[in-house]
Amino acid sequence: MKLKKLVSVLLVAACVFSLAACGSKDDSKDSGDSKKDSKDTLVMATNAEFPPYEFHEGDDVVGIDADIARAIGEEMGMEVKIEDMAFDSIIPAVTSGKADFGAAGMTVTEDRKKNVDFTDTYATATQVIIVKEGSDIAGPDDLTGKKIGVQLGTTGDIYADDIEDAEVERYNKGFEAVQALTQDKIDAVVIDGEPAKEFVAEADGLKILDEAFTEEEYAIAVAKDNDDLLKKMNEALASLKESGKIDEIVAKYISADKAE
Ligand code: ARG
């Protein structure tokens, strides 16, 4: 009799315990990472300091990547929610599952491929050098021993770091590097060609050197174990390329004379 009682007490205790455990698990599912759990929304990580690919317009993040991502979402029947963050937080957000994908004019590199998968590429780009008008820097070779500004964690940062005796100044935003250049705090900025054009147009007395640094390709980053999403995004990208929608989006933000 006593033993029976003990067993039933233990059973009740076990039930209560497991219910509580279940309950708390359910709670965490609801209040926790709901972004990831809700199947009709894809969370995009970006750094909206990179016109014309992503930038702020009022409270919204707009630009080529934002439009392409929304068009991909439409093809997949999903909403896209954009999270703005530091550029070097994008890959960690994707690998940790905080975001479903990263779209940020992100160059495909072998190093990044160790941590994330990339979709097919959707744009080609170059790294260019911005200097003050009248600067003695005329090409990449003249950067030896100079003070070079870059956006932290970008490919511009990686290239500048490889230049002999150069001092690399890393800024959170590309535009801050350009401002530092106008203030003579640095000698040059290495950055992607399209934002370079936008930044130079907004500042006085700067120019982009004709000789580009490198050719690169942009793609969307997805977590390594997310083959299903990668496949669906590639299918959506392919159909958007074929229908001319990607070209249409690019043309909306980059006018033909600006692209020259
Ligand atoms: N293409 C360069 C890279 O991948 C710079 C990208 C910066 N993008 C941004 N949204 N801030 O490193």
Side-chain angles (χ1 to χ4, degrees), residues 43-57 60-70 72 80-95 98-130 140 148-163 168-181 188-200 202 208 212-223 246 249-250 253-254 259:
V43 177
M44 157 173 158
T46 196
N47 169 249
E49 302 295 340
F50 199 70
Y53 283 90
E54 44 268 330
F55 55 100
H56 293 276
E57 207 171 73
D60 293 336
V61 172
V62 297
I64 296 173
D65 288 330
D67 281 15
I68 290 179
R70 287 199 187 96
I72 288 175
V80 171
K81 183 168 179 278
I82 299 178
E83 301 268 3
D84 186 21
M85 60 187 74
F87 182 73
D88 63 348
S89 298
I90 298 173
I91 289 186
V94 170
T95 56
K98 276 196 194 115
D100 296 295
F101 66 92
M106 191 178 282
T107 305
V108 179
T109 71
E110 288 310 312
D111 223 38
R112 289 175 182 162
K113 274 188 186 168
K114 289 179 196 153
N115 297 309
V116 287
D117 281 340
F118 281 102
T119 61
D120 296 332
T121 58
Y122 61 88
T124 53
T126 51
Q127 291 292 313
V128 299
I129 301 164
I130 308 175
I148 306 168
V150 296
Q151 184 182 15
L152 175 74
T154 59
T155 44
D157 185 353
I158 298 162
Y159 296 129
D161 210 39
D162 276 350
I163 296 166
V168 184
E169 294 285 335
R170 299 177 172 87
Y171 299 86
N172 289 323
K173 304 174 182 181
F175 190 62
E176 288 170 357
V178 174
Q179 279 175 321
L181 179 61
V189 172
V190 175
I191 195 164
D192 302 52
E194 290 305 329
K197 282 181 208 158
E198 303 258 351
F199 295 152
V200 165
E202 276 172 48
I208 299 171
F213 228 85
T214 48
E215 283 278 315
E216 313 190 323
E217 292 202 284
Y218 293 166
I220 296 170
V222 176
I246 300 277
I249 292 171
V250 171
Y253 290 97
I254 304 177

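Numbering of ligands and ligand atoms starts at 1, following listing order. Side chains are part of it too, since the values below use all heavy atoms of this structure and drop only hydrogens, waters and symmetry mates.
- Taking any N or O of Gln127, backbone or side chain, none lies under 3.5 Å from an N or O belonging to ligand 1.
- For the atom pair Ile72 CD1 and Thr119 OG1, the distance stands at 6.5 Å (nearest 0.5 Å).
- Taking distance alone, with nitrogen or oxygen atoms compared against 3.5 Å, Ala104 approaches ligand 1 more closely than that limit.
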Check the pair Ile220 / Met44 against side-chain contact (heavy atoms from CB on, under 4.5 Å), numbers first and verdict last.
-> CA-CA 10 Å; Ile220 296 170; Met44 157 173 158; over 6 Å; no

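- Side chain of Thr121 to backbone of Ala219: no donor-acceptor contact under 3.5 angstrom is found.
- Phe55 and Tyr253 have perpendicular rings, their planes meeting at more than 60° on a 0 to 90° scale where under 30° would count as parallel.
- Using a 4.0 Å cutoff on heavy atoms, Glu54 counts as a contact of ligand 1.
- Interface atoms of ligand 1 facing Gln151, defined by a heavy-atom separation under 4.0 Å, are 7 (C), 11 (N).
- For atom 6 (C) of ligand 1, the closest non-hydrogen atom on the protein side is Gly105 O, 3.3 Å.
- At least one N/O-N/O distance between Thr107 and ligand 1 falls below 3.5 Å.
- At a heavy-atom distance under 4.0 Å, only side-chain atoms of Asp192, from C-beta outward, approach ligand 1.
- Side chains of Asp192 and Gln127: a donor on one and an acceptor on the other come within 3.5 Å.
- With atom 10 (N) of ligand 1 as the reference point, the heavy atom nearest to it among Asn47, Val150, Thr46 is part of Asn47.
- When all heavy atoms of Tyr171 and Ala180 are compared, the closest pair comes out as OH-CB, 3.2 Å.
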Evaluate the criterion side-chain contact (heavy atoms from CB on, under 4.5 Å) for residue pair Gln179 and Phe199; output intermediate values, then yes/no.
-> CA-CA 9 Å; Gln179 279 175 321; Phe199 295 152; over 6 Å; no

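- Contacts of Arg112 with ligand 1, taken as heavy-atom pairs under 4.0 Å, involve the side chain alone.
- Residue Tyr218 has at least one heavy-atom neighbour below 4.0 Å for each of these atoms of ligand 1: 1 (N).
- Every atom of ligand 1 is numbered from 1 in the order shown, and the set under 4.0 Å from a heavy atom of Thr155 is 1 (N), 2 (C), 3 (C), 12 (O).
- The aromatic rings of Tyr122 and Tyr218 lie tilted to each other, with the angle between the two planes from 30° to 60°.
- In this structure, Asp157 contributes its side chain and Val150 its backbone to no donor-acceptor pair below 3.5 Å.
- Atoms of ligand 1 found under 4.0 Å from any heavy atom of Phe87, numbered from 1 in the order shown, are 3 (C), 4 (O), 6 (C), 7 (C), 8 (N), 9 (C), 11 (N), 12 (O).
- Using 4.0 Å as the threshold, Tyr53 has no heavy atom nearer than that to any atom of ligand 1.
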